[in-house]
Amino acid sequence: MADLSTTLCGIDLKGPVLNGSGTFDAIAARKVFGDEVVREFPFDCYVSKTITLHPRPGNPPHRLWETPSGMINSIGLPGPGLEGFLERDLDELARFGVPLVVSVMADSADGFAALLEGVVSRPEVAAVELNVSCPNVHSGLIVGEQPEETEKLMGRLRPLTDRPLIVKLTPNVAGPEAVARAAEAGGADAVSLINTIKAAAIDPDRNRTWLGAGTGGLSGPAVRPVALSQVRAVAAAVSVPVIGMGGITDGESALDFVLAGARVIAVGTENFRDPKAGIRVREGLDRALERRGFASLAEAQASTLS
């Protein structure tokens with residue numbers, strides 16, 4: 001088996017497979033499948049659901065719509081808020097034996113600062129992902145769409161912690177590489193992309209929008225070509241590591257993202273169909289590396305596309 005070990009922002013990982021935030025509920029999985037989930041955890045690093053400062057009910061139903069080769073979700077970040085997460089969820093998430101990244105989202109710099117200070121006060125948290133790109137929350141947030149606002153936010157947050165900060169980029173801009181450069185200039189340790197693409201669905205029986213919030217975000221294999229293009233552009237624009245995601249379903253598609261410039265990859269929508277998708281992707285990546293002539297993950301990471 002090829003050597004799949006790697007590092008991300010100084011964090012040692014046994015392999016390059018993460019989950020996309022909000023696509024795999026590890027606590028719920030353990031309740032359903034028991035300790036087998038701990039023994040065979042699908043990911044080499046776990047990213048929590050996005051945490052907000054206060055509890056959120058999420059968006060009204062309907063929240064999901066299946067498309068050809070994809071899915072539109074309009075979940076809307078339901079959750080217990082920062083206090084509930086720290087009291088109820090964090091201890092459990094720290095028991096899965098892999099580094100823990102906590103995803104946070106706020107509608108102001110002060111809100112992000114309060115979330116960041118809350119989560120980095122806990123030693124269980126290896127890194128923080130700043131979600132400035134969720135299309136399902138009516139926050140009026142423009143940070144992730146404007147490079148100047150992204151750099152300004154990082155300038156506010158960077159002095160608050162030495163813990164790695166990952167900025168999750170939106171694909172819903174003309175040039176995500178400009179936002180990535182701004183995140184790096186502000187002190188980001190890594191960037192992750194893509195989040196979902198703004199989308200809508202029409203109820204064919206009632207002639208109205210299907211999703212309760214009106215719109216949602218498209219994910220799954222349907223977005224993979226867009227994701228690969230944006231990962232390649234961003235990886236060429238910044239020197240910090242890139243976490244690539246967007247429609248990864250197997251080892252071959254995971255390797256595509258590595259060759260496009262991603263240091264590690266994240267599995268998202270596929271987790272809804274197969275809770276063990278992370279394991280399958282990791283095992284398939286080993287075979288894909290061998291099939292395409294790479295002796296190790298590091299060799300693929302160091303390669304460049306012609």
Side-chain angles (χ1 to χ4, degrees), residues 4-27 29-30 37-52 79-80 82-106 112-133 153-154 157-169 183-184 186-193 195 238-245 262-268 271 278-279 281-282 297-298 301:
L4 298 181
S5 63
T6 189
T7 60
L8 176 66
C9 306
I11 304 167
D12 293 327
L13 303 179
K14 292 181 179 178
V17 181
L18 286 64
N19 63 294
S21 174
T23 64
F24 185 89
D25 188 333
I27 295 174
R30 189 174 190 179
V37 175
V38 181
R39 290 191 297 270
E40 296 186 53
F41 197 63
F43 310 107
D44 301 302
C45 177
Y46 182 73
V47 183
S48 77
K49 291 190 291 186
T50 294
I51 307 305
T52 54
L82 175 62
E83 185 176 343
F85 174 76
L86 294 177
E87 291 181 358
R88 193 186 69 191
D89 295 344
L90 183 55
D91 283 346
E92 280 202 66
L93 293 178
R95 294 172 186 160
F96 287 93
V98 299
L100 172 63
V101 176
V102 175
S103 173
V104 300
M105 195 285 293
F112 268 109
L115 285 160
L116 182 60
E117 290 179 316
V119 297
V120 300
S121 67
R122 299 287 293 266
E124 302 96 322
V125 178
V128 180
E129 182 178 76
L130 307 170
N131 182 355
V132 296
S133 57
L153 176 66
M154 292 307 302
L157 302 181
R158 183 69 277 176
L160 300 179
T161 181
D162 293 330
R163 220 73 62 91
L165 297 179
I166 302 162
V167 176
K168 188 163 189 176
L169 304 175
E184 181 179 34
D189 298 283
V191 294
S192 57
L193 71 155
N195 207 325
V238 299
S239 59
V240 296
V242 173
I243 303 170
M245 67 191 84
R263 183 164 188 82
V264 298
I265 59 91
V267 180
N271 294 317
I279 296 172
V281 169
R282 186 192 301 125
L297 173 66
Q301 290 169 329

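- Shortest non-hydrogen contact noted between S5 and L297 is O-CD2, 4.2 Å.
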side-chain contact (heavy atoms from CB on, under 4.5 Å) for V242 and L193? Distances and angles first, verdict last.
CA-CA 8 Å; V242 173; L193 71 155; 3.6 Å; yes

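- Looking at residues two or more places apart in sequence or on another chain, you find a ring-ring contact (aromatic ring centres under 6.0 Å, His included) between Y46 and F41.
- The two residues A113 and L160 have their closest heavy-atom pair at CB-CD1, 3.7 Å.
- R263 is linked by a side-chain contact (heavy atoms from CB on, under 4.5 Å) to T6, T7, P241, Q301, counting only residues two or more places apart in sequence or in another chain.
- Between N19 and S21, the side chains place no donor N or O within less than 3.5 Å of an acceptor N or O (distance only, hydrogens not considered).
- Not counting sequence neighbours, the partners of R282 by the salt bridge (charged side-chain N to carboxylate O under 4.0 Å, His left out) test are D44.
- Residues satisfying the ring-ring contact (aromatic ring centres under 6.0 Å, His included) criterion with F85, sequence neighbours excluded, are absent altogether.
- Nearest approach of L93 to S48, heavy atoms of both residues: CD1-CB, 4.2 Å.
- Scored by the salt bridge (charged side-chain N to carboxylate O under 4.0 Å, His left out) test, D189 finds R158 as partners (sequence neighbours excluded).
- The salt bridge (Lys or Arg N to Asp or Glu O under 4.0 Å) analysis of residues 120-129, with sequence neighbours excluded, yields the pairs D91-R122, R122-E124.
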List the steps, then state whether side-chain contact (heavy atoms from CB on, under 4.5 Å) holds for N195 with N131. CA-CA 9 Å; N195 207 325; N131 182 355; 3.7 Å; yes

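- Rounded to the nearest 0.5 Å, atoms NZ (K49) and CD1 (I27) are 7.5 Å apart.
- I243 places a side-chain heavy atom less than 4.5 Å from the side chain of L8.
- Under the side-chain contact (heavy atoms from CB on, under 4.5 Å) criterion, A262 pairs with V231, F257, I265, sequence neighbours left out.
- For the atom pair L4 CG and L13 CG, the distance stands at 11.5 Å (nearest 0.5 Å).
- For D12, the salt bridge (charged side-chain N to carboxylate O under 4.0 Å, His left out) test picks out no residue, with sequence neighbours left out.
- What you find for V240 and A188 is that their closest heavy atoms are CG1-O, 3.5 Å.
- Looking at every heavy atom in both residues, G20 comes nearest to A266 through N-CB, 3.9 Å.
- Judged as a side-chain contact (heavy atoms from CB on, under 4.5 Å), and not counting sequence neighbours, the contacts of A114 are L53.
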Margin query: For a side-chain contact (heavy atoms from CB on, under 4.5 Å) check, start with the C-alpha distance between V17 and F43, then their side-chain angles and the critical distance, and finish with the verdict.
Written below: CA-CA 5 Å; V17 181; F43 310 107; 4.1 Å; yes

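- Not counting sequence neighbours, the partners of P42 by the side-chain contact (heavy atoms from CB on, under 4.5 Å) test are F24, I279.
- Applying the side-chain hydrogen bond (donor to acceptor under 3.5 Å, both in side chains) criterion to S239, with sequence neighbours excluded, gives E184.
- For S103, the side-chain hydrogen bond (donor to acceptor under 3.5 Å, both in side chains) partners are T50, not counting sequence neighbours.
- Rounded to the nearest 0.5 Å, atoms OG (S192) and CG (L18) are 9.5 Å apart.
- Between L90 and V125, some side-chain heavy-atom pair lies under the 4.5 Å cut-off.
- Residues L165 and L116 are in side-chain contact: their nearest non-hydrogen atoms beyond the backbone lie under 4.5 Å apart.
- Between V37 and F96 the shortest heavy-atom distance is CG1-CE2, 4.0 Å.
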Please walk me through it: do L130 and M154 pass side-chain contact (heavy atoms from CB on, under 4.5 Å)?
-> CA-CA 10 Å; L130 307 170; M154 292 307 302; 3.6 Å; yes

